[in-house]
Amino acid sequence: MTEIINNYLSPTNFTISVERLPNVEFFTQKASVPSINTSPVLMNSPLGELFRPGQTLSYGDLVLGFIVDENMNNYREVLQWLEGISGPESTNQTKALMEGDGFTSDIILTITNSHKNPHVRFIFQDCFPTSLGEISLDVNVTDVSYATCNVTFRYDIFKMEQL
């Protein structure tokens, strides 16, 4: 039997869990469930081009937007992870990352229902940051708008669970 939909999905009802980035987790304001694509396979035929369903999935990036705290702890968490992956100053940065938490971490996006109860969970497996966005500072703003930043992650796969 088909479930009756009583309420619409609210874009404000979510939580993020990133064990490796506790300060980013707490200050996250934006998250998007990434796109999923498959490329159709072209089959030539005497009648013209025909397409068949693709055999592999391509996942879009996971992007989180967060408010930067005054001490920039959350920005620093991501920056150190990125530096550990690429080791821009020395191989010791990469070595320290490998001896610690490693290169990857799972990220859990939990969507809550209209009663704020966990309803759906997305588990992004083996995530690692690929981009840390800019922080815009501007003395000409009239209202206080706190600095925000985006972090972009790649991952192997995500799973969706009904809770």
Side-chain angles (χ1 to χ4, degrees), residues 2-41 51 53-86 88 97 100-138 140-163:
T2 305
E3 181 181 338
I4 298 173
I5 299 173
N6 295 323
N7 297 307
Y8 297 112
L9 179 65
S10 171
T12 62
N13 293 349
F14 73 93
T15 60
I16 286 287
S17 176
V18 189
E19 186 174 327
R20 158 177 229 131
L21 303 173
N23 290 303
V24 171
E25 174 181 320
F26 180 75
F27 289 100
T28 296
Q29 288 192 311
K30 294 181 182 179
S32 298
V33 176
S35 63
I36 303 172
N37 300 297
T38 184
S39 298
V41 177
F51 291 92
Q55 297 178 348
T56 59
L57 291 176
S58 175
Y59 297 92
D61 292 337
L62 173 62
V63 180
L64 303 180
F66 60 94
I67 294 178
V68 179
D69 67 282
E70 186 174 41
N71 294 324
M72 298 184 77
N73 291 323
N74 47 16
Y75 185 87
R76 185 177 296 111
E77 286 175 344
V78 180
L79 178 62
Q80 288 174 342
W81 191 358
L82 275 167
E83 288 175 340
I85 290 170
S86 63
L97 187 66
D101 296 327
F103 286 123
T104 65
S105 178
D106 289 354
I107 296 176
I108 299 172
L109 169 62
T110 304
I111 298 175
T112 58
N113 62 16
S114 57
H115 301 292
K116 305 290 186 192
N117 296 321
H119 193 60
V120 175
R121 177 178 296 143
F122 291 90
I123 302 168
F124 299 89
Q125 297 177 339
D126 296 327
C127 301
F128 58 93
T130 59
S131 172
L132 180 59
E134 64 183 29
I135 299 173
S136 180
L137 305 171
D138 185 355
N140 294 314
V141 296
T142 55
D143 292 332
V144 176
S145 178
Y146 296 105
T148 61
C149 187
N150 288 336
V151 58
T152 303
F153 294 94
R154 282 303 309 162
Y155 52 92
D156 290 333
I157 192 170
F158 75 77
K159 296 181 181 181
M160 180 180 171
E161 297 177 353
Q162 190 75 37
L163 303 176

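We count residues from 1, following the sequence as given. No hydrogens, no waters, no symmetry mates; every other heavy atom, side chains included, goes into these values.
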query: Is there side-chain contact between R20 and W81, with heavy atoms separated by less than 4.5 Å?
result: yes
task: Decide yes or no for I67 and Q29: does some side-chain heavy atom of the first lie under 4.5 Å from some side-chain heavy atom of the second?
output: yes
- request: Report the C-alpha distance between L109 and V33 in whole Å, list the side-chain angles of each, state the deciding distance to 0.1 Å, and finish with yes or no for side-chain contact (heavy atoms from CB on, under 4.5 Å).
  value: CA-CA 8 Å; L109 169 62; V33 176; 3.8 Å; yes
query: Which heavy atom in P34 sits nearest to a heavy atom in L62, and how many Å separate them?
result: CG-CA, 4.0 Å
- prompt: Just by distance, do the side chain of N71 and the backbone of N73 share a donor-acceptor pair under 3.5 Å?
  reply: no
task: Determine, step by step, whether F66 and V151 satisfy the side-chain contact (heavy atoms from CB on, under 4.5 Å) criterion, reporting the C-alpha distance in whole Å, the side-chain angles of both residues, the deciding distance to 0.1 Å, and the verdict.
output: CA-CA 8 Å; F66 60 94; V151 58; 4.1 Å; yes
- prompt: Do M72 and I135 come close enough that some side-chain heavy atom pair is under 4.5 Å?
  reply: yes
field: Aromatic ring pairing F158/F124, orientation class (parallel under 30°, perpendicular over 60°, tilted between)
entry: tilted
message: What I want to check is whether the side chains of Q125 and D106 have a donor and an acceptor closer together than 3.5 Å.
response: no
message: Would you say that E77 contacts P22 through its side chain, given a criterion of any heavy-atom pair below 4.5 Å between the two side chains?
response: yes
- line: CD of Q80 to OH of Y75, rounded to nearest 0.5 Å, is 11.5 Å
- prompt: Can any side-chain N or O of Q162 pair as donor or acceptor with the backbone N or O of V120 at less than 3.5 Å?
  reply: no
message: Set out, in order, the CA-CA distance, both residues' side-chain angles and the distance that settles side-chain contact (heavy atoms from CB on, under 4.5 Å) for V68 and F27, then state yes or no.
response: CA-CA 7 Å; V68 179; F27 289 100; over 6 Å; no
field: Side-chain donor/acceptor of D69 to backbone N/O of N74, under 3.5 Å
entry: yes
task: Identify the two heavy atoms, one from L132 and one from C149, that lie closest to each other, and give their separation to 0.1 Å.
output: CD1-SG, 3.7 Å
- prompt: Hey, does the side chain of S86 reach the backbone of L82 with a donor-acceptor pair shorter than 3.5 angstrom?
  reply: yes
- prompt: Any side-chain heavy atom of V78 sitting closer than 4.5 Å to one from L21?
  reply: yes
message: How close do T110 and P118 get, counting heavy atoms only, and between which atoms?
response: CG2-CB, 3.8 Å
message: Taking OH in Y146 as the centre, count heavy atoms belonging to other residues, nucleotides or ligands within less than 6.0 Å. Is the count above 12?
response: no
message: A side-chain contact here means heavy atoms from C-beta on lying under 4.5 Å apart; do S17 and I107 qualify?
response: no
task: Check V24 against T28 and note the closest heavy-atom contact, atom names and distance.
output: O-OG1, 2.6 Å
- request: Decide yes or no for S35 and Y59: does some side-chain heavy atom of the first lie under 4.5 Å from some side-chain heavy atom of the second?
  value: no
- prompt: Quick one: OG1 on T112 to CZ on R121, what's the gap to the nearest 0.5 Å?
  reply: 12.0 Å
query: Would I111 and H119 satisfy side-chain contact (heavy atoms from CB on, under 4.5 Å), going step by step from the backbone distance to the final call?
result: CA-CA 6 Å; I111 298 175; H119 193 60; 5.6 Å; no
task: Please report the closest heavy-atom contact between G60 and Y155, naming both atoms and the distance.
output: O-OH, 2.6 Å
- request: Might you point out which heavy atoms bring E25 and V18 nearest each other, and give the distance in Å?
  value: OE1-N, 3.0 Å
- prompt: For the atom pair CD1 (I108) and CD1 (I16), what is the distance rounded to the nearest 0.5 Å?
  reply: 9.5 Å
Check: S39 side chain, G54 main-chain N or O, donor-acceptor pair, under 3.5 Å: no
- request: Quick one: pull up OG1 in T12 and CG in L9 and give me the separation to the nearest 0.5 Å.
  value: 9.0 Å
- prompt: How about F153 and D61: do any of their side-chain heavy atoms sit closer than 4.5 Å?
  reply: no
